[in-house]
Amino acid sequence: EAQVTQNPRYLITVTGKKLTVTCSQNMNHEYMSWYRQDPGLGLRQIYYSMNVEVTDKGDVPEGYKVSRKEKRNFPLILESPSPNQTSLYFCASSLGAGSFYEQYFGPGTRLTVT
Amino acid sequence: TQLLEQSPQFLSIQEGENLTVYCNSSSVFSSLQWYRQEPGEGPVLLVTVVTGGEVKKLKRLTFQFGDARKDSSLHITAAQPGDTGLYLCAGPNTPLVFGKGTRLSVIA
């Protein structure tokens with residue numbers, strides 16, 4: 001089954017404790033991205049990757065890191081989480097960039113930073 | 001960054017009613033997508049529109065792309081409770097830009 005998986009689905013952590021949210025896709029997609037979704041602000045892109053070892057900032061990259069060492073995986077790293085990073089996070093993948101291509105979203109990771 | 005304005009923000013209707021939601025931009029789109037997001041899940045693509053004036057139908061959902069490619073609408077005929085969700089439009093850029101969505105609630 002074609003899918004994007006994220007782990008963990010739920011995470012409660014404390015300020016400053018480094019964490020990684022994993023994302024994996026099994027569709028051999030070139031393009032992967034991370035979004036955060038907040039009430040009243042909608043879905044905003046954090047980082048995206050056009051291919052292995054190619055990453056770029058989205059609209060809200062501050063406080064986040066990503067890596068793309070292999071095609072299927074695109075982890076999101078929060079080196080020193082803060083309460084304003086409490087949010088619902090989605091990983092997505094697609095054959096290419098932009099709205100000519102269907103974005104396949106993972107199920108989401110709900111992060112709470114206290 | 002291209003901004004996408006969606007309206008209305010919230011919509012609560014009775015089963016069987018018709019409704020239309022809108023997505024507008026001050027800039028011209030090369031293409032536009034509509035997604036639906038159900039509670040606890042990620043968005044799922046409904047349709048991509050590319051040509052100005054284009055109309056696409058997906059069962060009871062009708063999507064229209066404006067002639068000038070600066071606006072789009074989604075019309076649902078005879079809404080059902082299963083249509084409940086957040087409807088998002090997404091613009092063409094990299095990074096992809098999403099509107100804030102219309103949250104639809106269809107009451108049985």
Side-chain angles (χ1 to χ4, degrees), chain A residues 2-7 9-10 21 23-25 27 29-51 54-61 64 66 87-110, chain B residues 1-10 21 23-25 27-52 54 56 58 63 65-66 69-72 74 85-103:
Chain A
Q3 61 182 351
V4 178
T5 57
Q6 294 178 229
N7 283 292
R9 293 290 313 276
Y10 302 91
V21 183
C23 173
S24 183
Q25 51 94 4
M27 295 169 278
H29 284 166
E30 304 281 333
Y31 184 85
M32 297 186 74
S33 56
W34 276 102
Y35 297 86
R36 60 178 289 174
Q37 188 172 36
D38 302 287
L41 297 176
L43 206 58
R44 296 176 293 167
Q45 195 173 60
I46 303 169
Y47 268 95
Y48 63 96
S49 170
M50 303 285 276
N51 211 327
V54 180
T55 63
D56 209 346
K57 297 177 181 179
D59 290 324
V60 288
Y64 304 95
V66 293
S87 187
L88 179 58
Y89 291 87
F90 288 100
C91 180
S93 75
S94 60
L95 280 170
S99 62
F100 287 105
Y101 299 95
E102 178 175 1
Q103 299 284 313
Y104 291 82
F105 284 83
T109 295
R110 187 166 291 282
Chain B
T1 301
Q2 189 171 39
L3 293 177
L4 301 177
E5 301 284 339
Q6 289 192 245
S7 61
Q9 191 175 357
F10 300 97
V21 299
C23 175
N24 293 286
S25 172
S27 304
V28 175
F29 299 123
S30 56
S31 61
L32 182 138
Q33 294 177 321
W34 284 92
Y35 288 80
R36 179 169 65 206
Q37 183 180 13
E38 298 185 18
E41 300 181 8
V44 175
L45 180 69
L46 296 173
V47 77
T48 301
V49 287
V50 178
T51 306
E54 183 176 5
K56 282 192 173 180
L58 186 65
F63 303 86
F65 201 15
R69 291 185 289 131
K70 294 173 70 172
D71 59 273
S72 182
L74 159 58
L86 179 67
Y87 289 82
L88 297 161
C89 62
N93 297 329
T94 301
L96 193 64
V97 174
F98 282 82
K100 293 182 181 179
T102 293
R103 191 166 295 280

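The figures here come from the full heavy-atom set of this structure, side chains too, leaving out hydrogens, waters and symmetry mates. Just so you know, these numbers come straight off a predicted model, no measurement behind them. Convention: sequence-line order gives letters A, B, ...; per-chain numbering from 1.
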Query raised in the report: Rounded to the nearest 0.5 Å, how far does CG of A:Leu43 lie from OH of A:Tyr35?
Result: 6.5 Å
Query raised in the report: What is the distance from atom NE2 of A:His29 to atom OG of A:Ser49, rounded to the nearest 0.5 Å?
Result: 13.5 Å
Query raised in the report: Is there a donor-acceptor pair under 3.5 Å between the side chain of B:Glu38 and the backbone N or O of B:Val44?
Result: no
Query - chain B contacts, top residue of A:Ser33, A:Gly108, A:Gly40 (heavy-atom pairs, under 4.5 Å) - result: A:Gly40
Query raised in the report: Of all of A:Tyr101, A:Phe90, A:Tyr104, which one pairs up most often with chain B through heavy atoms under 4.5 Å apart?
Result: A:Phe90
Against chain B, label [X] side chain, backbone, both or neither, depending on which of its atoms sit under 4.5 Å from a heavy atom there.
X	answer
A:Phe100	both
A:Arg110	neither
A:Gln6	neither

Requested in this report: Scan side-chain atoms only and decide if A:Gln103 and B:Gln33 contain a donor-acceptor pair under the 3.5 Å cut-off.
Outcome: no
Query raised in the report: Under the side chain to side chain contact (heavy atoms under 4.5 Å, CB included) test, which residues partner A:Val60, sequence neighbours left out?
Result: A:Arg36, A:Arg44, A:Ile46
Query - Part of B:Gln37 within contact of chain A (heavy atom distance under 4.5 Å) - result: side chain
Query raised in the report: Quick one: what part of B:Thr48 sits under 4.5 Å from any heavy atom of chain A, side chain, backbone, both or neither?
Result: side chain
Requested in this report: Determine the interplanar angle of the A:Phe105 and B:Tyr35 rings, folded into 0 to 90°, and report it as parallel if under 30°, tilted if 30 to 60°, perpendicular if over 60°.
Outcome: perpendicular
Report summary line: Pair count under 4.5 Å, heavy atoms only, with chain A: among B:Gly101, B:Ala90, B:Pro43, highest is B:Pro43
